[in-house]
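Below, chains carry the letters A, B, ... as their sequence lines are ordered, and counting in each starts from 1.
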Amino acid sequence: MHADEQDALILQRRKKLSAIADLGFELYPRKFEFTHTAPEILQKYSRSAPEELEAEKVRVRVAGRVMTIRPHGKAGFAHLASGGARLQIYVRRDAVGERDFELFKLLDLGDIIGVEGYLFRTRTGELTVHADRLSFLAKSLIPLPEKWHGLSDVEIRYRQRYLDLMVNDGVRRVFERRSRLIRAIREFLDGEGYLEVETPMMQPLPGGAMARPFVTHHNALDLSLYLRVAPELYLKRLIVGGLDRVYEINRNFRNEGISTQHNPEFTMLEFYQAYADYRDMMALTERLLPRVAQAVLGDLECEFQGHRISFRSFERLTMKEAIARHWPPAAGPAPKVEDFAEPRAVFRWIEAYNRSAEKPLAFGDDTAPGAALAELFEAVVEEHLIQPTFILDFPLEVSPLAKQKSDDPNFVERFELYIGGMEIANAFSELNDPCEQKDRFEYQQLLREKGDLTAHAIDEDYIRALSYGMPPAGGEGIGIDRLTMVLTDSRSIRDVILFPLLRPEKSS
RNA sequence: GGGCCGGUAGCUCAAUGGUAGAGCACUGCCCUUUUAAGGCAGGGGUUCUGGGUUCGAGUCCCAGCCGGCUCACCA
């Protein structure tokens, strides 16, 4: 419908393309031999004085995408983008010759060219390639988005990420940081003697987390398979097998809502360490995250949505302490930790909370006290946990795979790490008693039969594995996307995933 | 799925219910150190779709489609 004008622009560019062919240029040549990338040139020579450049006449061959053109009659300037940098070139007819200058006049924003020449500095001081030869490498048939407002339509940014990367500063940096973050994690864990492994993404039984799975089907085996919601149970099978320290960084898939903090496929780090418990995992996390921050930011602090976040120290609160501390004043006098001693007391506090709450918590007669406590925690506390904070001691009922606390069987040895109001990590002392694990699964099965589709399924082989004996172990999962959000000050998880899930584009 | 906000030129955005505009991009001409280059002259629109109200709708009403935020679910 609005394609008419775009079609006209494309037609124009096609005509230019054939004009370029008429000049004798190959339209889509095989390769371009370059001596430098744009960032290399800028890094190496940006401090050279004009006289030095004049004396040295440094010769370069460099390629990139044309981002600006400023013609001046029989000469002109352009900026080439490559490698995240922009390098200016200066093209004059008496230097490049008639044919190459004709090519220059036929260039559009977005075209990809190579240039050969020497470096100099313009009157205004900008390091520039004085071209004596141009190569045509590829045409941009479709016009680029606006050159200084960039591309702001969020849908197009995500759908056509290549455009976003081309014209919006900072997008590339986010994904470079994400890559550095993952590399830093690998280096750290490798240094701790961990083995990186890969476990099934397609599982006959989805386990390891309370979440609804995606279903798929294997034709030859006529078998229903689930995209994994977590690698957890497989990684612990490896602990049983004697791989004492393993980790995996890979995708999980959860068939649930999409939000600024949720994408149906997301990247998770999970690691397990034999002979360790959740306190060891906490200590390890306190060493890992500063390392990662240092590698990604070169600093132990970062800005996140208006908050200054520091990775220098991590706070620790139990779930009950956190609720007591962050109790909303409007809900009346805050509970003390002792007020939760009797498990069912939590329901009275939820009622108190609900009286002033915008969104009251719903709970039925059969809601387990532990599940209610966890919900109260999320409602009252989560958003306040800006600085890195470990929340420890989770209720048994919401933790089917974690080991009970020795002094309080209603709670487990588990923590979650919160940063910027988001859950970033989840860890526990792994339950390794097969009988207890079986009981837990059966309780989950009960919830499932009552309609809770996120309740954990019974995994008989996992029970069997535990029955061979699993050493005590600590395990942890860290959400890579969310951690990247914190370290890149990104508001939405979609800004740290190159191609977030979108509804399919409507065919026009 | 609910609530709120939005959809106008390729891009970024304007337009008390009264002739649809600007900047960038595009076309032509001038310009051999510019940089949001500049000057002159042009072309480009089913205002998301379909109904309705009105003498007259980009604008008001209804329905739908698409998107964002938010709530619910979840990490």
Side-chain angles (χ1 to χ4, degrees), chain A residues 1-13 15-16 50 67-79 86 88-96 101 104 108-110 120-126 128 130 140-159 163 167-168 208-212 229-230 252-270 358-359 361-362 375 378-379 382 398 416-418 422-426 452-454 477-483 485 491-494 502-506 508:
Chain A
M1 43 173 196
H2 301 298
D4 279 4
E5 193 194 342
Q6 176 139 22
D7 286 349
L9 293 172
I10 291 172
L11 199 65
Q12 266 171 21
R13 291 184 176 213
K15 283 185 182 152
K16 289 189 188 177
M67 300 307 290
T68 64
I69 303 176
R70 291 176 295 283
H72 293 260
K74 295 175 186 60
F77 292 90
H79 273 109
R86 285 188 182 196
Q88 181 168 261
I89 64 170
Y90 178 51
V91 181
R92 38 192 295 168
R93 192 170 67 174
D94 57 12
V96 299
F101 197 71
F104 181 70
D108 285 300
L109 299 185
F120 78 112
R121 209 171 270 285
T122 61
R123 269 177 212 157
T124 51
E126 180 164 350
T128 303
H130 198 295
S140 174
L141 290 171
I142 307 176
L144 253 41
E146 223 256 6
K147 76 178 179 191
W148 68 76
H149 291 105
L151 179 65
S152 62
D153 183 315
V154 181
E155 190 186 354
I156 300 177
R157 286 189 47 219
Y158 297 149
R159 258 190 223 294
L163 283 181
V167 302
N168 285 337
M210 318 246 278
R212 300 174 66 172
V229 295
N252 289 349
F253 307 86
R254 299 191 184 173
N255 204 341
E256 281 159 358
I258 295 176
S259 79
T260 48
Q261 292 175 44
H262 301 86
N263 194 62
E265 54 177 309
F266 63 102
T267 301
M268 186 87 142
L269 160 69
E270 284 202 15
E358 255 175 67
K359 349 156 213 168
L361 299 174
E375 272 197 49
E378 281 180 28
E382 210 173 55
V398 296
E416 287 184 347
L417 173 65
Y418 286 81
M422 291 187 291
E423 181 190 336
I424 299 289
N426 180 20
D452 182 354
L453 295 171
T454 69
I478 296 182
I480 296 298
D481 311 277
R482 288 183 181 176
L483 186 56
M485 286 169 70
R491 236 181 73 69
S492 168
I493 197 167
R494 291 178 164 196
L502 302 174
R503 211 174 253 108
E505 199 167 2
K506 229 174 46 176
S508 47

Any residue meeting side chain to side chain contact (heavy atoms under 4.5 Å, CB included) with A/Pro71, in chain and number order, not counting sequence neighbours
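Per chain and number, A/Pro71 pairs via side chain to side chain contact (heavy atoms under 4.5 Å, CB included) with A/Ile69.
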
Sequence neighbours left out, what passes side chain to side chain contact (heavy atoms under 4.5 Å, CB included) with A/Arg93? Give chain and number order.
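Expected list: A/Lys74, A/Glu98, A/Phe101.
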
Mapping A/Leu109 and A/Lys74 onto RNA chain B by nearest heavy atom, which one lands closer to the 5' end?
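Looking at the nearest nucleotide for each, A/Leu109 comes out on the 5' side.
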
Would you kindly compare A/Thr68 and A/Gly76 by the position of their nearest RNA chain B nucleotide and give the one closer to the 5′ end?
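It is A/Gly76, whose closest nucleotide lies nearer the 5' terminus.
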
Determine the contact category for [X]: base if any of its heavy atoms lies under 4.0 Å from a base atom, sugar-phosphate if only primed atoms, P, OP1 or OP2 are that close, otherwise nothing.
{"X": "A/Thr260", "result": "sugar-phosphate"}
{"X": "A/Arg212", "result": "nothing"}
{"X": "A/Asn263", "result": "base"}
{"X": "A/Met422", "result": "nothing"}
{"X": "A/Lys16", "result": "sugar-phosphate"}
{"X": "A/Glu126", "result": "base"}

If you only use heavy atoms from C-beta on, which nucleotide in [options] is closest to the side chain of [X]?
{"X": "A/Glu423", "options": "B/rA75, B/rC69, B/rU12", "value": "B/rA75"}
{"X": "A/Arg491", "options": "B/rU12, B/rU32, B/rU70", "value": "B/rU70"}
{"X": "A/Thr122", "options": "B/rU34, B/rA75, B/rU12", "value": "B/rU34"}
{"X": "A/Phe77", "options": "B/rC26, B/rA37, B/rU33", "value": "B/rU33"}

Distance, rounded to the nearest Å, where [X] contributes [atom1] and [N] contributes [atom2]:
{"X": "A/His130", "N": "B/rU32", "atom1": "NE2", "atom2": "P", "value": "14 Å"}
{"X": "A/Arg494", "N": "B/rU70", "atom1": "CZ", "atom2": "P", "value": "11 Å"}
{"X": "A/Asp153", "N": "B/rG68", "atom1": "CG", "atom2": "P", "value": "9 Å"}
{"X": "A/Ile493", "N": "B/rC73", "atom1": "CD1", "atom2": "P", "value": "18 Å"}
{"X": "A/Ile10", "N": "B/rC11", "atom1": "CD1", "atom2": "P", "value": "12 Å"}
{"X": "A/Gln88", "N": "B/rU32", "atom1": "CD", "atom2": "C1'", "value": "14 Å"}
{"X": "A/His79", "N": "B/rU33", "atom1": "NE2", "atom2": "C1'", "value": "13 Å"}
{"X": "A/Ile156", "N": "B/rC11", "atom1": "CD1", "atom2": "P", "value": "6 Å"}

Identity of whatever pairs with [N] - Watson-Crick or G-U, under 3.5 angstrom:
{"N": "B/rU54", "result": "none"}
{"N": "B/rC40", "result": "B/rG28"}
{"N": "B/rG1", "result": "B/rC71"}
{"N": "B/rU34", "result": "none"}
{"N": "B/rA63", "result": "B/rU49"}

Looking only at N and O atoms, is any donor in the side chain of [X] or the base of [N] less than 3.5 Å from an acceptor on the other one?
{"X": "A/Gln12", "N": "B/rU27", "answer": "no"}
{"X": "A/Arg70", "N": "B/rU34", "answer": "yes"}
{"X": "A/Glu146", "N": "B/rG23", "answer": "yes"}

Can you check whether [Y]'s main-chain N or O pairs, donor with acceptor, with [X]'s side chain at less than 3.5 Å?
{"X": "A/Glu256", "Y": "A/Arg212", "answer": "yes"}
{"X": "A/Asn426", "Y": "A/Glu416", "answer": "no"}
{"X": "A/Arg482", "Y": "A/Ile424", "answer": "no"}
{"X": "A/Thr267", "Y": "A/Ile480", "answer": "no"}

Distance check, [atom1] atoms only: [N] and [M], in whole angstrom units.
{"N": "B/rU8", "M": "B/rC13", "atom1": "P", "value": "9 Å"}
{"N": "B/rG23", "M": "B/rU59", "atom1": "C1'", "value": "23 Å"}
{"N": "B/rG3", "M": "B/rC62", "atom1": "P", "value": "13 Å"}
{"N": "B/rG6", "M": "B/rA75", "atom1": "C1'", "value": "30 Å"}
{"N": "B/rG68", "M": "B/rU12", "atom1": "P", "value": "15 Å"}
{"N": "B/rU53", "M": "B/rA57", "atom1": "P", "value": "11 Å"}
{"N": "B/rU27", "M": "B/rC69", "atom1": "P", "value": "36 Å"}
{"N": "B/rU34", "M": "B/rC29", "atom1": "P", "value": "24 Å"}

Taking the side chain as every heavy atom from C-beta outward, state whether A/Met485 and A/Thr260 have any pair of such atoms under 4.5 Å apart.
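The answer is no; the side chains never approach within 4.5 Å.
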
Residue pair A/Phe266 / A/Met268, side-chain heavy-atom distance below 4.5 Å:
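Side-chain contact under 4.5 Å: yes.
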
Is any side-chain N or O of A/Ser152 closer than 4.0 Å to OP1 or OP2 of B/rC11?
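For A/Ser152, the contact criterion (side-chain N or O under 4.0 Å from OP1 or OP2 of B/rC11) is not met.
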
